[in-house]
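Each remark here refers to the structure printed beneath this line.
As the structure lists them, so they are numbered: ligands from 1, and atoms in each ligand from 1. We number each residue from 1, following the sequence as shown.
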Amino acid sequence: MRKDELVQKSYEIAKERYAAVGVDVDNALEKLQKISISIHCWQADDVTGFENLDNVGGGGIQATGNYPGKARNIDEIRKDIEKVLTLVGGHHRLNLHAIYGDFGDKIVDRDEIEPSHFTSWMQWAKEKGLKLDFNSTSFGHPKSGDLTLANPDKEIRDFWIEHTRRCRLISEEMGKYQNDPCIMNLWIHDGMKDLTVNRYEYRRILEQSLDTIFRTEYKNMKDCIEAKLFGIALESYTVGSYDFYLGYGAKKQKIVTLDTGHFHLSESVADKISSLLLFTPEIMLHVSRPIRWDSDHVTILNDDVTDLAKEIVRADALDRVHIGLDYFDASINRLGAYVIGIRATQKAFLQGLLEPVTQLRQYENNGQYFERLALLEEAKGLPWNAIWDYFCLKNNIAVGEDYITEVQQYEKEVTSKRG
Ligand code: RNT
Ligand code: ZN
């Protein structure tokens with residue numbers, strides 16, 4: 001039997017199997033089709049960007065590995081993203097960092113960036129049917145140091161405030177241009193390697209800086225703020241901790257970004273969804289995979305990610321959660337890394353959408369806890385993968401492992417030829 005016939009047949013059988021537990025597969029597929037993932041541009045080039053400044057590394061961001069073929073300029077990164085899009089179903093977004101501006105050969109410092117540096121991105125994205133999201137970049141710069149927005153030194157602080165304000169303006173212009181809000185994420189590495197006696201002071205300064213940055217109200221962009229547990233070389237103290245941003249977000253009604261690599265390893269990020277939804281306007285996700293620490297390994301289909309997706313679906317919150325990816329593995333084929341992570345995230349949401357939740361809730365509401373646990377166990381083995389294959393088939397993209405050869409082909413023809 002031909003592969004497409006096999007997929008079609010398996011889908012039909014699987015669909016019946018799901019109907020028996022009260023799940024409408026077509027409805028799940030329709031919802032999956034609408035889930036757009038904000039693809040992080042920085043996996044393509046190990047978070048390097050296209051500034052012409054003499055950057056100094058550091059600031060808690062570190063891509064490891066030196067697999068050949070990273071994107072060296074805007075054209076290459078766009079080509080890579082275009083290729084990725086042919087290997088995943090659905091319509092997605094592209095998440096840019098401020099350092100990815102189209103600066104040509106000009107030296108544009110971070111406090112000088114303007115919407116015009118992103119015009120070509122906006123045009124290209126429109127052509128490709130992509131919406132853009134944005135990030136300020138406070139790492140990898142001579143003024144990054146250990147403290148940026150929380151720096152007691154007014155000059156340095158003001159530099160970063162100016163940068164971040166400009167990023168919000170750029171996001172506003174992107175949102176206007178694409179007629180859809182641009183989600184702008186703010187993450188800073190600020191912290192201390194060793195013991196500090198000024199925990200309160202730095203956080204007070206950060207709160208003030210944020211208030212200044214957010215003073216201008218915009219209609220076409222949305223702010224989100226991202227916490228972290230710790231950064232490399234800043235292990236003892238993080239100014240922008242989860243408590244800090246959760247408090248700020250709840251008080252000032254800002255979106256809190258949950259990066260799945262930014263918590264204690266045994267902490268459940270999935271469990272945070274329902275609380276955030278009650279006290280903050282929306283949620284932004286950075287789906288990642290921490291190995292022992294915030295290692296930014298490629299997102300895969302694991303319990304952390306499926307639990308997260310299930311919680312979002314159970315809370316009926318797909319329209320309040322922005323799903324972005326955040327990892328940068330420089331040790332394997334970078335394009336393949338994108339495809340694995342995007343597909344894994346979609347699979348997790350598909351599993352969430354295929355959960356027999358009506359029946360599960362009936363059991364729970366009746367106090368039938370054995371039955372609830374039994375069905376949760378059985379649901380793990382329901383043939384979701386047959387539905388997944390069908391999703392790929394319908395989207396006209398490689399089914400199952402077939403994308404491996406497509407990635408290899410692109411490597412052979414394109415990325416392996418990069419110096
Ligand atoms: C860093 C944060 C942040 C970055 C990107 C590049 O720990 O996760 O989101 O990864 O902004
Ligand atoms: Zn992140």
Restricting to N, O or S atoms, which atom of [X] is closest to the Zn ion (ligand 2)?
| X | value |
| --- | --- |
| D259 | OD2 |
| D326 | OD2 |
| E226 | OE2 |

For [X], the ligand 1 atoms whose distance to one of its heavy atoms is below 4.0 Å:
| X | result |
| --- | --- |
| K228 | 1 (C), 7 (O) |
| D259 | 8 (O) |
| W42 | 5 (C), 6 (C) |
| H262 | 1 (C), 2 (C), 7 (O), 8 (O) |
| D294 | 7 (O) |
| F328 | 10 (O) |
| H97 | 5 (C), 6 (C), 11 (O) |
| H286 | 9 (O) |

(message) For the aromatic rings, using the six-membered ring if either is Trp, is the centroid distance between Y363 and Y369 under 6.0 Å?
(response) no

(request) Check if H40 has a non-hydrogen atom at a distance under 4.0 Å from any atom of ligand 1. (result) no

(message) Regarding ligand 1, does E226 bring an N or O atom to under 3.5 Å of one of the ligand's N or O atoms?
(response) yes

(message) Quick check: closest heavy atoms across L147 and Y202, and the distance to 0.1 Å?
(response) CD1-CE2, 3.8 Å

(request) Answer yes when E162 and R166 have at least one side-chain N-carboxylate O distance shorter than 4.0 Å, and no when they do not. (result) yes

(message) Regarding D45 and R334, does a basic nitrogen lie under 4.0 Å from an acidic carboxylate oxygen?
(response) no

(message) Between T164 and L210, is the side chain to side chain contact (heavy atoms under 4.5 Å, CB included) condition met? List the steps.
(response) CA-CA 9 Å; T164 318; L210 293 178; over 6 Å; no

(message) Among residues at least two apart in sequence or on other chains, which ones pass side-chain hydrogen bond (donor to acceptor under 3.5 Å, both in side chains) with Y248?
(response) D211

(request) Please state whether the separation between the Zn ion (ligand 2) and some N/O/S atom of H286 is under 2.8 Å? (result) yes

(message) Go through it in stages, so that I can follow the logic: the residues are I273 and I283, the test is side chain to side chain contact (heavy atoms under 4.5 Å, CB included), and I'd like the CA-CA distance, side-chain angles, deciding distance and then a yes or no.
(response) CA-CA 8 Å; I273 298 294; I283 295 173; 4.0 Å; yes

(message) Applying the side chain to side chain contact (heavy atoms under 4.5 Å, CB included) criterion to L285, which one of L325, D259, L308, T345 satisfies it?
(response) L308

(request) Would you sort out whether K222 and E172 count as a salt bridge (charged side-chain N to carboxylate O under 4.0 Å, His left out), showing the intermediate values? (result) CA-CA 8 Å; K222 294 180 182 179; E172 171 69 8; over 6 Å; no

